[in-house]
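Reminder, nothing fancy here: chain letters follow the sequence lines and each chain counts from 1. For the numbers below, each heavy atom of this structure counts, side chains included, while hydrogens, waters and symmetry mates do not.
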Number of protein chains: 2
Amino acid sequence: MAPLESTPPTRRRRTSARATHSLEKVVTTAIAMLDRDGIKGLTLRGLAAELGGGLGSVYWYVDGKEELLSLACDTLVGEALVRAAEPSGGQLPEDLRVDDPAIAAAVADLRRTALALFELAAEHRWLATRLHTQGAATDNAIRFWNRLGSALAAMGLTTRQQFHGSTAIIGYIVGVAAEMAAQDVHADPTRSKEEQLDAIAQAWLARDPADFGWIQSIADEFRDHDDDEQFVAGLDLIIGGLVRQALEQRG
Amino acid sequence: MAPLESTPPTRRRRTSARATHSLEKVVTTAIAMLDRDGIKGLTLRGLAAELGGGLGSVYWYVDGKEELLSLACDTLVGEALVRAAEPSGGQLPEDLRVDDPAIAAAVADLRRTALALFELAAEHRWLATRLHTQGAATDNAIRFWNRLGSALAAMGLTTRQQFHGSTAIIGYIVGVAAEMAAQDVHADPTRSKEEQLDAIAQAWLARDPADFGWIQSIADEFRDHDDDEQFVAGLDLIIGGLVRQALEQRG
DNA sequence: ACCTGAACACCGTTCAAGT
DNA sequence: ACCTGAACACCGTTCAAGT
């Protein structure tokens with residue numbers, strides 16, 4: 001997992017008397033359109049229309065669709081960083097409780113950071129997919145990585161463990177978020193969430209148990225699962241492993 | 001993480017005297033083109049040309065580009081299933097060794113299965129990204145999930161732990177694979193891998209330590225990292241957590 | 001400095017027509 | 001049954017021209 005070289009965006013000035021829109025406005029409405037129509041649904045013509053301007057005007061602020069998507073991602077990851085810095089009242093789950101206060105504090109911070117990004121990806125269903133094809137190319141993505149890694153360092157892990165642990169967590173967050181978002185795209189808006197989950201489970205049960213026996217055995221579990229809970233469960237699996245490493249390291 | 005309903009592909013007959021190509025041939029050359037040019041680089045016109053036919057002929061075998069990509073994914077996941085079933089001589093790492101032979105065998109199977117999919121994603125750098133937007137919609141994807149879950153069941157976990165564990169591992173595999181593949185797309189072919197990693201590390205070291213201190217501290221670790229090793233390290237973090245759950249469950 | 005819109009190249013998809 | 005290729009709709013991007 002190698003991030004790209006960080007390319008500091010060459011921002012144009014946004015303070016001008018004649019500007020009908022600003023870089024910020026362009027990115028903000030692009031995000032709104034992405035939330036509504038997805039990545040393919042965002043067209044530069046549509047964006048220009050929404051902004052009340054001509055097609056070409058967008059190109060004055062942004063180099064093209066790719067850069068626009070990068071800026072949108074960077075903005076939202078920045079928002080995740082803000083949320084991660086806010087205090088959270090949540091208790092740690094039982095298996096992650098450690099007596100060492102330094103480790104406990106680091107774990108809490110780690111969890112809060114991871115959850116902040118997951119939350120944002122849940123709110124913006126296109127974000128995770130795009131984050132993947134982008135890697136750690138934008139500034140805020142690196143800052144996010146830096147924050148996550150700092151927590152691992154505070155746990156007392158070796159640099160190698162920090163490196164591996166940080167990329168594992170980021171891969172997990174974005175991976176699970178992308179998978180959860182994917183289902184929404186194909187969802188049938190005429191049916192409720194419960195109906196759709198049930199239909200999937202039904203389809204499983206109709207298949208050959210020789211090939212799909214296990215899937216059938218968890219159909220009930222699947223029918224009333226919760227995305228957030230599922231995400232946290234997997235996250236705590238990884239964090240649990242890191243805590244073990246930290247305790248071993250401490251000695 | 002809710003997979004879509006499985007849609008059994010309505011395959012057309014491929015045994016015909018006049019057919020100049022078959023469904024299999026279409027999908028195979030599509031995969032070859034995807035490996036070479038990526039998802040955006042695969043055009044139906046290019047594919048038709050490669051097959052030596054007209055543009056429209058592709059549509060007789062496949063409903064469109066989306067279905068073509070689904071079939072390509074399904075084929076490769078099927079290949080992963082084949083590899084996962086092959087015996088492997090690898091030893092388990094130290095922290096995953098358990099005296100209980102049933103758990104040990106299940107863990108080895110789990111690891112082999114996960115590695116098989118990761119390997120395929122490494123060989124086909126577009127696969128992971130596409131798997132994400134697709135979910136568990138194709139038959140082989142569900143079979144893969146079924147195989148992974150069966151191993152978790154064999155470890156003696158609760159159904160809930162099996163469900164959460166299986167989706168965590170799949171999210172991790174595809175997530176990390178997608179992130180690793182992303183870097184390749186943006187890679188500069190004129191420079192060696194080492195040069196590129198070094199350039200990235202250099203760029204980090206030039207930034208403000210206040211924001212990027214931790215990243216800078218792992219620059220050396222990053223410079224000579226290995227993707228496979230990195231993947232396995234994170235995977236074993238998750239599996240380690242599952243083993244702990246299994247041992248607790250056993251009593 | 002900031003914006004316009006025609007023009008271009010390039011897609012995926014459809015479909016009437018062929019064998 | 002299987003294939004062809006023109007035609008269509010819709011993109012992203014460029015650019016000469018405007019204010």
In whole angstroms, the gap separating P of D:dT13 from CD of A:Glu66 amounts to 8 Å
Matching residue for A:Leu127 among A:Leu34, A:Val174, A:Leu76, A:Ile39 - test: side chain to side chain contact (heavy atoms under 4.5 Å, CB included): A:Leu76
Can you sort out which residues in residues 28-42 of chain B have a heavy atom within less than 4.0 Å of DNA chain C? Ascending by number, please. B:Leu42
Quick test of your reading of the model: are B:Glu66 and B:Arg130 salt-bridged, counting only N-O distances below 4.0 Å? yes
Between A:Arg45 and A:Glu50, does any side-chain N to carboxylate O distance fall below 4.0 Å? no
Interatomic distance, A:Arg45 CZ vs C:dA6 P [rounded to whole Å]: 11 Å
Please confirm whether the ring centroid of A:Trp214 lies under 6.0 Å from the ring centroid of A:Trp204. no
Name the nucleic acid region contacted by B:Gly56, choosing base, sugar-phosphate or nothing; use a 4.0 angstrom heavy-atom cut-off, strictly under. base
How many whole angstroms separate atom NZ of B:Lys65 from atom C1' of D:dC11? 13 Å
Rounded off to whole Å, could you give me the CH2-to-C1' distance for the B:Trp60 and C:dA16 pair? 18 Å
Whole angstrom is fine here: how far is it from CG in B:Leu44 over to C1' in D:dG5? 14 Å
Within this structure, what is the OH-to-P distance between A:Tyr59 and C:dA6, rounded to whole angstrom? 16 Å
By nearest-heavy-atom nucleotide on DNA chain D, the more 5' of A:Thr43 and B:Val58 is B:Val58
Would a line drawn from the ring center of B:Tyr172 to the ring center of A:Tyr172 be shorter than 6.0 Å? no
Counter-base of C:dT13, judged by Watson-Crick or G-U geometry with both distances under 3.5 Å: D:dA7
Go ahead and name the base partner of D:dA1; Watson-Crick or wobble counts if both distances stay under 3.5 Å, otherwise write none. C:dT19
Between C:dC8 (C1') and A:Leu55 (CG): distance, integer Å: 13 Å
Charged N to carboxylate O under 4.0 angstrom, B:Asp74 versus B:Arg143? no
note: B:Tyr61, atom OH; C:dT13, atom P; distance rounded to Å ~ 18 Å
Below 4.0 angstrom, N of the basic side chain to O of the carboxylate: do A:Glu195 and A:Arg223 qualify? no
Phosphate OP1/OP2 of D:dC2 contacted by B:Ser57 side-chain N/O (<4.0 Å): no
Separation between the P atoms of C:dC2 and D:dA17, rounded to whole Å: 22 Å
